Q: 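Please read through the structure below; I'll follow up with questions.
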Amino acid sequence: MGKQTPLYQQHIDAGARMVDFAGWDMPIHYGSVINEHHRVRQQCGMFDVSHMTIVDITGTGARGYLRRLLANDVARLESGQALYSAMLNESGGVIDDLIVYRLANGYRLVVNCATRDKDLAWMERWRAGFDVTLAERDELAIIAVHGPDSIDQVCAHLPEGVAQATRELKNFRATEQEDWLVARTGYTGEKGLELILPASDATALWQALLNADVQPVGLGARDTLRLEAGMNLYGQDMDEEISPLSANLRRTLIMEPADRDFLGREAVEHDLERFEAGELPVQTGLVLEERGVMRAGQKVICYDSADEQCGEGILTSGTFSPTLKHSIALARIPANTSRCEVELRGRPQAVRMVPPGFVRFGKKRFD
């Protein structure tokens, strides 16, 4: 038996099929991945993401420490704001991707559970010289609620003052209410909320939402939703061997001011030159509108503008899209690729290249 979140019994009571996920017992679905996916796109669903690792960073050196640790720049944050960042190694590879929140008294990082040990070790390694305290908050739970009806549903179960502050939140903003943090960040391409709250409060909120007919959603639909939204999965679409430039993370690499020496900066500067020269692979979205399903690990055959084969790529994520009714994928391919074929069942099959990000607010994003 693996580790269990505070909501484990609620999953069992709801008939979830439980699986091992990075050492945690987590629900893969509650009967139908497709139905759960559609509920999020059309109404709303809730996810137990309490397996993720929460680290609070406080002290007079917290800002300087995080400006060194992260490729994005926390100097851009005011209290109540959040940003998405990569944490890079000295070679410019992605150790992890994360969300960082600016709190009233410091910062909060939410990192992936599968990378917990190496993330904490890396953060501790670079703490020397900074007046900071790192505190893992394993007494907290995280419930994410996403979909068109999500904010109304959640606010109906919050105290009036908290509900009002929550309704006023814009994207990548958060409100603190005692031990609760309510934020407008997410992983589905729908509007929604993340609620970080004491584990002792999580069961009551989950049950109240369940009583209001909010659909619990497992890891299966979480994956199809995030891929439709064009969002990376750590360990598949990026890792320590991959430049963030080859994982569509250019926007998270804040190079100004030039004297901010974040970890991996020298390697990123070198990779930027190679990226602009077309020497690094790039991430693209692929669409297969014929029969078949693209899967991670499948080979991509690439052709340049002269229709000459210019190399091979690889599918890093692929699935059937419940919203679009056909297969979609993320792929890493040579920069000079003009068209692609994916090897399915031993034969090449033509696919369309589109920008990563296939669905937003339930609508197709490409022509």
Side-chain angles (χ1 to χ4, degrees), residues 55-103 105-112 115 118-134 170-174 185 230-232 234 237-284 332 334-336 355-357:
V55 182
D56 283 356
I57 300 176
T58 55
T60 59
R63 181 176 181 270
Y65 168 72
L66 288 173
R67 295 191 79 206
R68 171 74 167 146
L69 187 74
L70 304 180
N72 211 331
D73 190 357
V74 300
R76 306 163 73 192
L77 293 178
E78 297 179 358
S79 182
Q81 294 182 330
L83 58 76
Y84 173 66
S85 182
M87 184 163 60
L88 307 180
N89 61 26
E90 293 164 292
S91 300
V94 182
I95 290 177
D96 203 3
D97 65 325
L98 55 90
I99 298 287
V100 55
Y101 300 95
R102 179 70 169 94
L103 307 181
N105 296 313
Y107 298 85
R108 173 168 291 170
L109 272 58
V110 179
V111 304
N112 288 298
T115 54
K118 73 169 182 175
D119 286 358
L120 293 176
W122 186 256
M123 286 186 253
E124 184 63 31
R125 173 181 171 183
W126 296 100
R127 190 169 66 88
F130 295 95
D131 177 20
V132 294
T133 298
L134 310 183
K170 297 181 180 179
N171 286 336
F172 276 78
R173 300 293 190 272
T185 53
M231 296 182 181
N232 290 337
Y234 189 83
D237 305 300
M238 55 189 168
D239 57 35
E240 292 190 52
E241 303 301 318
I242 299 300
S243 167
L245 295 164
S246 296
N248 200 33
L249 296 178
R250 174 66 182 89
R251 68 192 184 281
T252 72
L253 305 175
I254 304 304
M255 309 304 292
E256 298 295 335
D259 62 352
R260 185 175 72 94
D261 188 23
F262 64 84
L263 292 166
R265 181 181 182 116
E266 184 177 349
V268 167
E269 289 174 338
H270 176 68
D271 283 347
L272 276 168
E273 294 179 1
R274 296 177 60 211
F275 184 76
E276 291 167 0
E279 297 172 1
L280 280 183
V282 299
Q283 186 187 72
T284 189
R332 197 158 47 246
N336 62 334

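Worth saying up front: this structure is predicted, and the values here are computed from it rather than measured.
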Q: Check the pair Trp122 / Leu263 against side chain to side chain contact (heavy atoms under 4.5 Å, CB included), numbers first and verdict last.
A: CA-CA 11 Å; Trp122 186 256; Leu263 292 166; 3.8 Å; yes

Q: Find out whether Leu69 and Ser85 are in side-chain contact, i.e. whether some heavy atom of one side chain is under 4.5 Å from a heavy atom of the other.
A: no

Q: Hey, is the main chain of Gly93 close enough, under 3.5 Å, to the side chain of Ser91 for a donor-acceptor pair?
A: no

Q: Can you see which heavy atom on Ala86 is nearest to which on Val94, and at what distance?
A: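 Distance-wise, the nearest heavy atoms are CB-CG1, 4.4 Å.
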
Q: Does any non-hydrogen side-chain atom of Val74 lie less than 4.5 Å from one of Val100?
A: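 Yes - at least one pair of side-chain heavy atoms lies under 4.5 Å apart.
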
Q: Ring of Phe262, cation from Arg68 - is the NZ or CZ under 6.0 Å from the centre and inside 45° of the axis?
A: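 No, a cation-pi geometry is absent between Arg68 and Phe262.
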
Q: For the backbone of Ile95 and the side chain of Asp239, can you confirm whether one donor and one acceptor N or O come within less than 3.5 Å of each other?
A: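 Not a single qualifying donor-acceptor pair exists.
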
Q: Between Glu124 and Lys118, does at least one N-O distance fall below 4.0 Å, as a salt bridge requires?
A: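 Looking at Lys118 together with Glu124, the answer is no, because their closest N to O distance does not fall below 4.0 Å.
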
Q: Ignoring hydrogens and angles, tell me if any N or O in the side chain of Arg63 forms a donor-acceptor pair with the backbone of Arg67 under 3.5 Å.
A: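 Side chain of Arg63 to backbone of Arg67: no pair is present.
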
Q: I'd like to know if the side chain of Tyr101 reaches the main chain of Val110, judged simply by a donor and an acceptor atom lying under 3.5 Å from each other, with no hydrogens or angles considered.
A: no

Q: For Ala247 and Met238, work out which heavy atoms get closest and say how close.
A: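 Where Ala247 meets Met238 most closely, the heavy atoms are CB-CB, 4.0 Å.
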
Q: Would you call Arg274-Asp271 a salt bridge at under 4.0 Å N-O?
A: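 Asp271 and Arg274: salt-bridged.
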
Q: With rounding to the nearest 0.5 Å, note down the distance linking OG1 in Thr284 to CG in Asn248.
A: 9.0 Å

Q: Assess the residue pair Val282 and Arg332 against the criterion (side chain to side chain contact (heavy atoms under 4.5 Å, CB included)); give the C-alpha distance rounded to whole Å, side-chain angles, the decisive distance to 0.1 Å, and a yes or no.
A: CA-CA 5 Å; Val282 299; Arg332 197 158 47 246; over 6 Å; no

Q: Atom CG of Leu249 and atom CD of Gln283: how far apart are they, to the nearest 0.5 Å?
A: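 Spacing of CG (Leu249) from CD (Gln283) equals 7.5 Å.
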
Q: Quick check: closest heavy atoms across Arg102 and Tyr107, and the distance to 0.1 Å?
A: CD-CE2, 3.1 Å

Q: Any chance the side chains of Asn72 and Thr252 put a donor and an acceptor closer than 3.5 Å?
A: no

Q: Take Leu77 and Phe172 through the test side chain to side chain contact (heavy atoms under 4.5 Å, CB included) and record every step on the way to the result.
A: CA-CA 10 Å; Leu77 293 178; Phe172 276 78; over 6 Å; no

Q: When rounded to the nearest 0.5 angstrom, what is the spacing between OG in Ser243 and CG in Leu272?
A: 7.5 Å

Q: Using modelled atom types only, decide if a donor and an acceptor are shared between the side chain of Asn232 and the backbone of Tyr234 within a distance under 3.5 Å.
A: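 The answer is no, because no donor-acceptor pair under 3.5 Å joins these two groups.
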
Q: State whether the side chain of Asn89 and the backbone N or O of Gly92 hold a donor-acceptor pair below 3.5 Å, judged by distance alone.
A: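 Yes; judged by distance alone, with no hydrogens or angles, the pair exists.
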
Q: Distance from Arg260 atom CZ to Leu70 atom CG, nearest 0.5 Å?
A: 8.0 Å

Q: At what distance, to the nearest 0.5 angstrom, does CE of Met255 lie from CD of Glu269?
A: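 These two atoms lie 4.5 Å from each other.
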
Q: Which pair of non-hydrogen atoms, one from Leu253 and one from Leu88, has the smallest distance, and what is that distance?
A: CD2-CD1, 4.2 Å

Q: What are the two closest non-hydrogen atoms of Phe275 and Leu245, and how far apart are they?
A: CE1-O, 3.3 Å

Q: Near Asp261 CG, under 6.0 Å, is it more than 12 heavy atoms from other residues, nucleotides or ligands?
A: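 Above 12, so yes.
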
Q: Verify salt bridge (charged side-chain N to carboxylate O under 4.0 Å, His left out) between Arg265 and Glu256, making sure each step is shown before the conclusion.
A: CA-CA 11 Å; Arg265 181 181 182 116; Glu256 298 295 335; 5.7 Å; no

Q: I need the minimum non-hydrogen distance between Thr58 and Ala62, along with the two atoms involved.
A: C-CB, 4.1 Å

Q: For the pair Met123 and Met87, evaluate side chain to side chain contact (heavy atoms under 4.5 Å, CB included) and give the outcome as yes or no after the intermediate values.
A: CA-CA 10 Å; Met123 286 186 253; Met87 184 163 60; 4.3 Å; yes

Q: Going by atom types only, do Asp97 and Tyr84 share a side-chain donor-acceptor pair under 3.5 Å?
A: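 Yes.
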
Q: Any sub-3.5 Å donor-acceptor pair from Glu273's side-chain atoms to His270's backbone N or O?
A: no

Q: Among Val55, Leu83, Leu109, which one satisfies side-chain contact (heavy atoms from CB on, under 4.5 Å) with Leu98?
A: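 The passing option is Leu109.
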
Q: Mark yes or no for whether Ser246, through its side chain, and Pro281, through its backbone, hold a donor-acceptor pair below 3.5 Å.
A: yes

